[in-house]
Every structure is written in C-alpha cells, then in structure tokens.
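First the proteins, then the strands, lettered A, B, ... as listed; each starts at 1.
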2 protein chains.
Amino acid sequence: MVGMMKPPEAGALDALALKFRSLELDSEADLQTVLRFVKIREAVSPGENIVDTRSPRRQLTVLLAGVACLHKKLEDDSRQIYTFQYPGDFCDLHRYMLPELDQKATVTALTACSIGTIRHDDLDQLLSQHPKLGLAFWRASMLEASILRERLLNISRRAALPRVASIICEQLARLEAINIKSAVIPITQVDLADAGGLSVVHVNRIVQDLRKLGALSKKTRTIEVASKERLAQLANFDRRYLNMPDLLSDWKIDIEELADS
Amino acid sequence: MVGMMKPPEAGALDALALKFRSLELDSEADLQTVLRFVKIREAVSPGENIVDTRSPRRQLTVLLAGVACLHKKLEDDSRQIYTFQYPGDFCDLHRYMLPELDQKATVTALTACSIGTIRHDDLDQLLSQHPKLGLAFWRASMLEASILRERLLNISRRAALPRVASIICEQLARLEAINIKSAVIPITQVDLADAGGLSVVHVNRIVQDLRKLGALSKKTRTIEVASKERLAQLANFDRRYLNMPDLLSDWKIDIEELADS
DNA sequence: CGTGCTGTTGAGGACGATCAATGACGGTGG
DNA sequence: CCACCGTCATTGATCGTCCTCAACAGCACG
C-alpha cells in the first residue's frame with residue numbers, strides 16, 4: 001500500500017551505497033541508516049515515467065538499475081535531455097529542495113529500470129539527524145551542475161562530431177565508474193540528438209563518421225565504442241569534470257599520450 | 001596581509017544576508033555567525049579575476065557588489081560564460097566541495113565589484129556547527145543547476161532572437177530580485193555572445209532587432225530594456241526556474257496575459 | 001502482418017559563422 | 001591637450017554547418 005515496500009534484497013542497494021561512498025559519505029552507520037529508508041520498486045519499463053509528478057506523496061527517487069534521463073519537452077514538442085542517469089544517481093533532488101522548480105522536467109526510463117524511493121518526510125528526519133548526509137547530497141548536486149556546465153560548453157562551442165563524441169565519452173566513463181564495462185552505450189541516436197541539440201538525421205551522419213574514424217564499431221543499430229582512446233581524442237575529452245576517483249586513471253594516461261602525438 | 005581584512009561595514013553584507021534568507025536559512029543566529037567570518041575586499045576592477053586560483057589559502061568567495069561571470073576559456077580561445085553573478089551570489093562553491101573540478105573555470109568581474117571571502121577552514125567549522133547552513137548552500141547549488149539547465153535548453157533549442165531575449169530576461173529578473181530596478185543590463189554584447197553561444201556580430205544584429213521590436217530601448221551602446229513584457233513575450237520567458245519569491249509575481253501575470261493574446 | 005520506432009540516405013535551404021572594415025568611446029601617456 | 005590604443009559596436013559580403021523535408025529499410029511489437 002505504501003508503494004510496494006519490500007525488504008531490501010541483497011545487492012539491490014549496492015549501486016546506492018557505491019554512490020554515497022563516492023560522495024564521501026564516510027560514516028558506515030549513516031549509510032546503513034539511509035538505506036533502511038529506501039523502498040524498492042522493480043521493473044520500470046522503457047519509456048515509463050520514473051518520477052511521479054502528480055502523486056501527493058512526495059518522495060526522492062534514486063535509480064538502482066537501468067538507464068534513465070532527465071529531460072524537458074518544449075512548446076514545439078522538441079525535447080532537451082539534460083542528463084542521463086545511471087544506477088546510484090538521484091533522479092529528482094531538485095524536487096526536494098526547490099519544489100517550485102522545473103515543473104515540466106521529467107525523468108524517463110530508457111531501459112528497464114528499478115528504482116528506490118525515500119519519502120521526503122523521512123529525508124527531513126534523516127538530514128536533521130545525520131548532517132553529513134546533507135553534504136553528500138550537496139556534492140551530488142554539484143556534480144550534476146558540473147555535468148551540465150560541460151554539456152553547455154559542448155553544445156555551445158563545439159561542432160557536431162566532437163559534441164556527439166563527448167556525450168558518448170561521458171556515458172562510457174560514467175558506466176565504467178559503476179563497474180559496467182560494456183562498450184555498448186545503451187542509448188539511441190534519438191537520445192543522442194535530444195541530448196546534444198542536434199537533429200536525428202545529423203546525428204546519424206556523425207555516428208557513421210565516428211564509425212569510419214574507428215571510434216565506434218561498425219555494428220549498426222547500436223552505439224558500440226570501438227576505441228575509447230580514439231573517441232576521447234576526437235572529443236577532446238577531459239573527464240575531470242566528472243570528479244571521478246582513480247579507478248579510471250588509465251583514461252588520463254590515454255589522453256596525455258594522445259596529446260603528445 | 002591576510003587579504004585586507006576589514007571590520008564589516010554597515011550594509012556591506014546586506015546582499016549576502018538577503019541571499020541566505022532567500023535560501024531559507026531561517027535562523028537569524030546562524031546567519032549572524034556566518035557573517036562574522038566574512039572578510040571584505042573592496043574595489044575589484046572590471047576584467048579582474050575574482051577567484052584567486054593559485055593562492056594556497058583556500059576560501060569561498062561571495063560577490064557583495066557589482067556583476068561578475070563564471071566562465072571558461074577553450075582551446076581555440078573562445079569563451080563560454082556559464083552564469084552571471086550578482087550581489088549575494090557565491091562564486092566558487094564548487095571549489096569547496098569538489099576541488100578537483102573545473103580547474104580552468106574562472107570568475108571575472110564585469111563591473112567594479114566588491115567581494116567577501118570565507119576561509120574553507122572556517123567553513124568546515126561553520127558547517128559542522130550549523131547544519132542548516134549546509135542546506136542553504138545546497139539550495140544555492142541547486143539553483144545554479146537550474147539556471148544552467150535553462151541556459152542549456154535555450155542554447156540547444158532556440159533561435160538566436162529568443163535566446164538573447166531569454167538571457168536578458170534572466171538578468172533583469174535576477175537584478176530585480178535583489179532590488180536593483182534599473183532597466184539597464186550591465187553587460188556587453190560580447191558577454192551576451194559568450195553566454196549565448198553566438199558570434200558577436202550576430203548578437204549585434206539580434207540586439208538591433210530587439211530594439212526595432214520595442215523590447216530594448218533605441219539607445220545604443222547599452223542594453224536597456226524598453227518593455228519587460230515585450231521582451232518576456234519574445235523570449236517565451238517563464239521565470240519559475242529562478243525559484244524566486246513573490247516579489248516578482250507581476251511578471252507571471254504579464255506572461256499569462258500575453259499568452260492569452 | 002500491420003504499426004511504430006529506430007536507423008539510413010538524398011536534396012535543398014536557412015541560420016548563423018567568419019572575414020573584413022569602420023566608427024565611437026574611454027583611458028593612457030606623452 | 002592631443003595622439004594613441006584597445007574595446008565595443010556596427011555594417012556588408014560570403015560561406016558552411018546543420019536543419020528540414022521526404023522517403024524507405026530493418027526490426028520489434030502486438
């Protein structure tokens with residue numbers, strides 16, 4: 001009745017725990033306390049809306065599995081994707097802190113997802129009893145802002161090819177950061193277009209260019225990275241804006257090597 | 001020697017106090033405590049760098065008077081302005097929470113400014129002793145993110161005219177929010193171009209169009225709003241993303257009236 | 001076996017960039 | 001006080017990236 005509450009299954013919250021640790025929430029006790037307040041909801045279908053904007057029961061949503069995106073529809077029914085979201089990412093922090101904002105911004109599942117929710121009421125209590133938690137959420141918001149700045153810069157200043165390459169690089173890096181090593185980026189060309197401010201037609205041509213240039217694999221109907229290095233080079237990608245731990249330090253080396261050549 | 005520390009002059013910190021109140025920092029005691037840690041530095045000249053990125057003494061900077069912008073230079077020495085900053089705005093929160101990030105992003109004074117600083121060390125203490133403060137800063141970061149999302153949407157999806165109009169609208173609204181009623185927007189066409197991802201030449205033509213359309217005054221060499229309503233209409237401006245209190249509710253009415261026509 | 005979404009290809013056109021030159025203004029130093 | 005310089009604003013011409021429109025193929029879905 002209270003939204004399919006379930007006993008937390010082993011592993012279901014791993015992504016969230018990983019996220020909090022990357023946000024420097026040091027206290028294991030704080031972490032465990034938060035996790036207890038998470039209600040899990042499995043099986044959100046692709047295309048489905050993750051954040052229920054009409055529900056009176058206000059709650060924070062966190063993605064536990066799958067890929068989603070935060071986006072907004074415009075008057076002319078074009079769509080701007082602000083950010084992609086991966087397991088561990090908070091979907092609607094803004095609705096907690098600034099509920100007046102972004103009425104029309106929604107979060108939609110791109111693949112099959114499962115999500116966790118924390119009631120805003122519970123969050124109020126958690127934050128007042130565990131101040132460190134607030135700092136972690138704050139950090140999460142600043143990371144989101146950093147990603148937005150990078151995207152702004154890309155859309156505003158770079159040509160279509162490096163722009164698309166950058167977006168793919170970001171997704172690859174973020175997937176790796178949560179230990180998903182697959183070279184396949186689970187988003188469509190339509191999504192790339194809506195995220196990069198380009199037409200689908202043009203994105204398609206750019207993707208083909210990237211395939212010819214050896215950055216993406218020749219396999220059609222999917223965005224599969226053939227060479228991370230080549231892609232990063234074409235994108236002029238500097239992943240520092242993602243504030244990632246060292247687990248990806250190989251990227252930096254790659255980039256420096258390319259810079260020399 | 002420690003950065004021209006001064007006794008806080010009457011009124012110098014008003015902008016900051018106003019800001020904290022708008023961020024829902026309710027406790028007057030908390031507010032007064034923070035203000036005591038602010039060191040004031042007057043007379044930053046236009047073009048000067050506000051955030052000293054090389055100083056070993058890490059500190060948070062807040063704008064107290066004047067206009068500044070957060071921006072980044074690219075390889076091809078084009079410049080992207082992320083946000084404009086007004087009295088009360090925090091200039092480099094990101095450098096406190098995620099110091100690895102945005103090494104190359106800098107804050108530059110656009111007009112004569114005065115700034116306040118709080119040492120990171122002091123901030124650590126303040127935050128641990130006044131948890132509410134952290135929530136206020138968090139809110140500030142989310143507001144910044146909201147502004148970035150709106151800008152992203154504008155640059156990505158709108159033509160040059162509404163884009164420029166939107167940026168001007170935003171500046172006007174933000175100035176009004178801090179009780180600066182002047183119709184003159186204190187930024188140059190160059191700044192508009194760098195913020196909107198357009199060439200200066202094109203911005204100039206758009207500005208002239210906006211003048212012909214009655215949105216800006218005919219006065220050359222300055223961006224002076226002739227009709228807020230006309231401008232908001234051309235921009236399709238919905239200021240909710242700025243999360244402003246009711247002091248500007250007249251705007252909303254204006255927009256609704258225009259929507260009917 | 002249609003229907004819909006994604007991907008692909010071609011042709012034409014538009015919006016905005018780039019290049020180039022000039023004027024106006026403010027500040028600086030001789 | 002004036003000559004000089006840099007920044008900002010303005011105008012004209014050309015060019016190119018990317019959009020739009022249009023059509024179709026493949027695949028997944030019911």
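- The side chain of B/Thr188 approaches D/dA9 more closely than any other nucleotide in the set C/dG16, D/dA9, D/dC18.
- With distances taken from any side-chain atom of A/Val201 to the nucleotides C/dG7, C/dG16, C/dT9, the minimum falls on C/dT9.
- Distance, B/Leu192 CG to C/dG16 P: 15 Å, rounded to whole Å.
- Between B/Gln208 and the phosphate of D/dT11, there is a side-chain N or O to OP1/OP2 separation shorter than 4.0 Å.
- When each of D/dA9, C/dG16, D/dT20 is scored by its nearest atom to the side-chain atoms of A/Arg205, the top-ranked nucleotide is D/dT20.
- At whole-Å resolution of the value, CG in B/Asp191 and P in D/dA9 are 8 Å apart.
- Rounded to an integer number of Å, the gap from B/Leu198 CG to D/dA9 C1' is 16 Å.
- Counting non-hydrogen atoms under 4.0 angstrom, B/Val200 reaches nothing in the nucleic acid.
- Contact between the side-chain N/O atoms of B/Asn204 and the OP1/OP2 oxygens of D/dT10 is found at a separation under 4.0 Å.
- Residue contacts for B/Gly197: at a heavy-atom cut-off of 4.0 Å it reaches the sugar-phosphate backbone alone, with no base atom in range.
- Looking only at atom types and distance, the side chain of A/Tyr241 has a donor-acceptor partner in the side chain of A/Glu170 under 3.5 Å away.
- Here D/dT17 presents its P atom at 9 Å from NE2 of A/His202, a figure rounded to the nearest Å.
- For the residue pair A/His71 / A/Thr108, a side-chain donor-acceptor distance below 3.5 Å is found, with atom types taken as modelled.
- Across all strands, B/Arg211 comes closer than 4.0 Å only to sugar-phosphate atoms, never to a base (heavy-atom distances).
- Heavy-atom nearest nucleotides on DNA chain D were determined for A/Leu161 and for B/Ile187, and the one closer to the 5' end corresponds to B/Ile187.
- The CD1-P distance, from A/Ile155 to D/dC18, rounds to 13 Å in whole Å.
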